[in-house]
Trainee: 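Next up is a structure, given as structure tokens.
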Amino acid sequence: MTGTFITFEGGEGAGKSTHIRLVADHLKSKGHAVVVTREPGGTEQGEGVRALLVTGDVRRWTPMAEALLNYAARDAHLNTVIRPALAAGKIVLCDRFMDSTRAYQGYAGGLDLAFIDELERRVVGRTVPRLTLIFDLDPVDGLRRARQRGEGAPAAAEDRFEHKELVFHQRLRDGFRAIAEADPGRCRVVDATRSLAVVGADVLGHVMDAVDG
Ligand code: TMP
């Protein structure tokens, strides 16, 4: 039995984490076995890598180092969480996955896309998501939302990438759109400017198509 692998992607403050929770609740209420996880993270090793990546000075890592750290965490995540859950027939909902490396480190960070192709081929292999939802939003609005969310957060706020300049976030948005265009069978762009209810209905429609299809 093989499960269904669905990933949620997009820039900062686009609301993907909220929608993952809503989708998970819906699927569980219908009796599906669901695993909700995230990257970087999802394992003890991965959460350790996450702490290194998302906190601290914005120049702490080069895009190359970020890609390698994310891929080290991804390898552990695939082997110990994602592949076993899929093999057991579960639905895996993952908050960010391989497209975040391509968009953040590749398109926005300037890392060679051919190198990212090679990492994908060797680490992700055939465990490519069946569906990827790309939450699309003007980065000016997304960063505003992300900063509002972070207000009052503890000192070790997970805001390292939010401190990159606006043009980084614009390249990021274009990068995610390019990824969607290159793989229309897998990716759906979700207009995240709309209300929570409208976005939620759109997201659920795509998810149920993937789960039933
Ligand atoms: P978030 O998912 O809570 O937004 O935080 C994760 C941050 O890590 C986000 O700014 C995007 C970044 N990231 C990368 O730069 N590359 C990656 O491969 C992944 C998974 C995340």
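What's counted below: heavy atoms across the whole structure, side chains too, no hydrogens, waters or symmetry copies. Counting convention: from 1, in listed order, for ligands and their atoms alike. The structure displayed is predicted, hence computed values, not measured ones.
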Trainee: For atom 1 (P) of ligand 1, what's the nearest protein heavy-atom neighbour? Residue, atom name and distance, please.
Mentor: Arg96 NE, 3.6 Å

Trainee: Nearest to atom 21 (C) of ligand 1, what protein heavy atom do you find, and at what distance?
Mentor: Pro40 CD, 3.6 Å

Trainee: Considering only heavy atoms, does Lys16 approach ligand 1 within less than 4.0 Å through its side chain, its backbone, both, or neither?
Mentor: side chain

Trainee: Do ligand 1 and Asp95 have nitrogen or oxygen atoms that lie under 3.5 Å from each other?
Mentor: no

Trainee: Just to confirm my output: which protein heavy-atom neighbour is closest to atom 18 (O) of ligand 1, and how far is it?
Mentor: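 Protein heavy atom with the smallest distance to atom 18 (O) of ligand 1: Thr101 OG1, 2.6 Å.
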
Trainee: Is it the case that Asp95 and Ser17 place a side-chain donor and acceptor less than 3.5 Å from each other?
Mentor: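 Yes.
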
Trainee: Examine Glu158 against ligand 1 and note whether any of their N/O atoms are separated by less than 3.5 Å.
Mentor: no

Trainee: With no hydrogens and no angle check, just 3.5 Å: does a side-chain donor-acceptor pair link Arg50 and Thr55?
Mentor: no

Trainee: Under 4.0 Å, heavy atoms only, figure out whether ligand 1 is touched by the backbone of Val54, its side chain, both or neither.
Mentor: side chain

Trainee: Does a side chain donor of either Thr43 or Thr80 reach within less than 3.5 Å of an acceptor in the other side chain?
Mentor: no

Trainee: Using a 4.0 Å heavy-atom threshold (strictly under), name the region of Gln105 that reaches ligand 1: side chain, backbone, both or neither.
Mentor: side chain

Trainee: Take Phe5 and Phe97, measure what ring-ring contact (aromatic ring centres under 6.0 Å, His included) needs, and give me the verdict at the end.
Mentor: CA-CA 11 Å; Phe5 186 22; Phe97 188 61; 4.9 Å; yes

Trainee: Counting both backbone and side chain atoms, is some N or O of Glu39 under 3.5 Å from an N or O of ligand 1?
Mentor: no

Trainee: Which residue and non-hydrogen atom of the protein lie closest to atom 10 (O) of ligand 1, and at what distance in Å?
Mentor: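 Closest protein heavy atom to atom 10 (O) of ligand 1: Glu12 OE2, 2.7 Å.
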
Trainee: Going by distance alone, is a donor N or O of one side chain under 3.5 Å from an acceptor N or O of the other, for Asn79 and Arg83?
Mentor: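 A pair is found: one side chain offers a donor N or O, the other an acceptor, under 3.5 Å apart.
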
Trainee: Is the Phe135 to His19 ring centre distance short of 6.0 Å?
Mentor: yes

Trainee: Report the part of Arg160 (side chain from C-beta onward, or backbone N, CA, C, O) that has a heavy atom under 4.0 Å from ligand 1; answer both or neither where that applies.
Mentor: neither

Trainee: Are Asp202 and Arg188 close enough for a salt bridge, meaning some N to O gap below 4.0 Å?
Mentor: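 Looking at Asp202 and Arg188, the cut-off is not met.
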
Trainee: Return yes if a side-chain donor-acceptor contact under 3.5 Å exists between His169 and Glu12, otherwise no.
Mentor: no

Trainee: Counting only heavy atoms, which portion of Arg50 has something under 4.0 Å from ligand 1: side chain, backbone, both, or neither?
Mentor: side chain

Trainee: Checking side-chain polar atoms at under 3.5 Å, does Arg171 have a donor or acceptor matched by the opposite partner on Tyr104?
Mentor: no

Trainee: Starting from atom 11 (C) of ligand 1, which protein heavy atom do you reach first, and at what distance in Å?
Mentor: Tyr104 CZ, 3.3 Å

